[in-house]
Amino acid sequence: MRVLVTGATGFVGHHLVRELRTRGARVHALVRDPAVEPVPDGAQAHAADVRDPAAVAAVVATVAPEGIAHLAGAASVGESFGRPLATWDVNLNGTLAVLEAARAAARPPRVLVVTSGEVYGRVPLEDLPVTHETPLRPVSPYGASKAAADLAAFQYHDGYGLDVMRVRSFNHFGPNQDPRFVIPSIAKQLAEAEREGGDGPVELHVGNVETRRDFTDVRDVVRAYALLLERGRPGEPYLVCTGRSLSIREVIDGLAALCTREVRVMSDPGLRRSGEQSDLYGSPERVRSDTGWTPTIALEQTLADTLEWWRARPDTET
């Protein structure tokens, strides 16, 4: 299968390229600037900004992919509040450019549009787990732009007959993730503390450690994406998640147990988000029934691999 991956130079993109290649796919990467962005091994890079419909269409016409995995977009909920226009531009207009390019192709490919569990916003605890029937009530520019991209993907299927699937992924992490996010940030701090040495405890300043989220290893997530490209039903929304939630405290305790230094967790009220959802987890039943996917990598393994990845970074890269 010939697959074009947008956002291939990002955290999830690197893992997806590797997963697709292990399955025998010929992988092409849509990259803004191949000269400065780290293109994954084994992927053929094509220069284009996902917000440029003509450039995206030209790449799709050249590659003639059988499948497109659309990952490119703004990824931070917090940063979206300060940059709402930029967030909307890349998340919605970038998705429209990909869908239009697929629609215009001589042989329209399958398209996997990846959005987020953030499209659901605040969900009453009594209504958990989230399912594909849970109403979309996004509360951030990031969540709203992803919800719009999700609706656009459905319209291109329903209105134009495009073979497109929507994936609403919940929290995922693992090696090579940006330290702007909580788990890689903590792993990075612990790895740096180990290198520095010292007898005192490592102090971690975090927000609300009792917040609970549905965490999946990124390598399990990309396996779900690959299976959906092969077996997913067009037009359907899929939730990629574990079906259970863990507290931030449990995750931190797991990382602390792997650290060679004592760790002291300091909950900083200034780092807490006002009105934050206390618990959120989804149901993976549809993706399980349609593809046979189930997460297989234990939390302990993901934490160990994430910390080890940061331990292996030289000082100049941290």
Side-chain angles (χ1 to χ4, degrees), residues 11-12 73-84 87-88 91-92 114-151 166-174 177-186 204-218 220-221 224 237-255 265-287 295 299 302-303 306:
F11 164 54
V12 180
S76 173
V77 174
E79 290 182 7
S80 75
F81 283 97
R83 305 181 70 238
T87 300
W88 274 93
N91 286 351
L92 177 56
V114 177
T115 66
S116 167
E118 289 288 330
V119 300
Y120 294 107
R122 297 190 185 97
V123 181
L125 298 185
E126 62 269 22
D127 291 340
L128 296 177
V130 170
T131 72
H132 60 278
E133 295 180 342
T134 301
L136 307 187
R137 297 191 182 105
V139 296
S140 66
Y142 171 83
S145 63
K146 285 292 189 180
D150 189 292
L151 291 172
R166 298 165 285 160
V167 181
R168 300 165 186 170
S169 297
F170 283 59
N171 298 68
H172 41 284
F173 72 103
Q177 190 175 19
D178 192 311
R180 290 177 300 168
F181 298 91
V182 60
I183 297 175
S185 172
I186 291 167
L204 293 175
H205 293 265
V206 297
N208 184 1
V209 294
E210 303 309 324
T211 299
R212 302 181 66 86
R213 290 294 182 267
D214 192 326
F215 291 105
T216 308
D217 188 295
V218 66
D220 275 330
V221 168
Y238 289 93
L239 278 63
V240 173
C241 52
T242 67
R244 65 189 181 96
S245 62
L246 297 168
S247 70
I248 300 298
R249 181 182 294 279
E250 290 175 271
V251 176
I252 294 174
D253 287 347
L255 281 170
V265 179
M266 316 291 287
S267 184
D268 185 345
L271 296 176
R272 298 188 177 207
R273 288 183 188 169
S274 176
E276 185 174 36
Q277 174 96 16
S278 63
D279 193 6
L280 189 68
Y281 58 96
S283 169
E285 182 54 38
R286 174 173 281 178
V287 66
L299 174 69
T302 311
L303 293 174
T306 301

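As a basis for the values below, the full set of heavy atoms in this structure was taken, side chains included, without hydrogen atoms, waters or symmetry mates.
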Does the side chain of [Y] come within less than 4.5 Å of [X]'s, by heavy atoms?
| X | Y | answer |
| --- | --- | --- |
| Val206 | Ile248 | no |
| Thr134 | Thr131 | yes |
| Cys241 | Tyr281 | no |
| Val218 | Val12 | yes |
| Arg168 | Asp150 | yes |
| Ser76 | Arg83 | no |

Heavy-atom closest contact ([X] atom, [Y] atom, distance):
| X | Y | answer |
| --- | --- | --- |
| Phe81 | Val139 | CZ-O, 3.8 Å |
| Gly117 | Leu280 | O-CD2, 4.4 Å |
| Phe170 | Gly282 | CE2-N, 3.8 Å |
| Ser80 | Tyr142 | OG-N, 3.1 Å |
| Gln277 | Asp279 | NE2-O, 2.8 Å |
| Ser169 | His172 | CB-CE1, 3.8 Å |

Distance check, rounded to the nearest 0.5 Å: [X] atom [atom1] versus [Y] atom [atom2]?
| X | Y | atom1 | atom2 | answer |
| --- | --- | --- | --- | --- |
| Ser185 | Gln177 | OG | CD | 10.5 Å |
| Leu128 | Glu126 | CG | CD | 8.5 Å |
| Leu151 | Arg166 | CG | CZ | 7.5 Å |
| Tyr120 | His132 | OH | NE2 | 8.5 Å |
| Leu239 | Glu285 | CG | CD | 11.5 Å |
| Arg212 | Leu125 | CZ | CG | 11.0 Å |

**Asked** Any sub-3.5 Å donor-acceptor pair from Thr115's side-chain atoms to Val167's backbone N or O?
**Response**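 Flag set: sc Thr115 to bb Val167 pair under 3.5 Å.
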**Request:** Spell out, as yes or no, whether a donor-acceptor pair under 3.5 Å connects the side chain of Asn91 to the backbone of Gly73.
**Result:**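 The answer is no, because no donor-acceptor pair under 3.5 Å joins these two groups.
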**Message:** Check this for me: Arg244, atom CZ, are more than 12 non-hydrogen atoms of other residues, nucleotides or ligands nearer than 6.0 Å?
**Reply:**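 Open: at most 12 neighbouring heavy atoms sit under 6.0 Å from CZ of Arg244.
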**Request:** Count the heavy atoms of every other residue, nucleotide or ligand shown that sit under 6.0 Å from CZ of Arg213, and state whether that count exceeds 12.
**Result:**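 More than 12 heavy atoms, drawn from other residues, nucleotides or ligands, come within 6.0 Å of this atom.
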**Item:** Residue that, paired with Thr242, satisfies side-chain hydrogen bond (donor to acceptor under 3.5 Å, both in side chains) out of Asp214, Asp217, Asp220, Asn171
**Value:**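 Checked Asp214, Asp217, Asp220, Asn171 against Thr242; only one passes side-chain hydrogen bond (donor to acceptor under 3.5 Å, both in side chains): Asp214.
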**Request:** Give me the ring orientation class for Phe173 and Phe215: parallel if the planes are under 30° apart, tilted from 30 to 60°, perpendicular past 60°.
**Result:**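 Ring orientation of Phe173 relative to Phe215: perpendicular.
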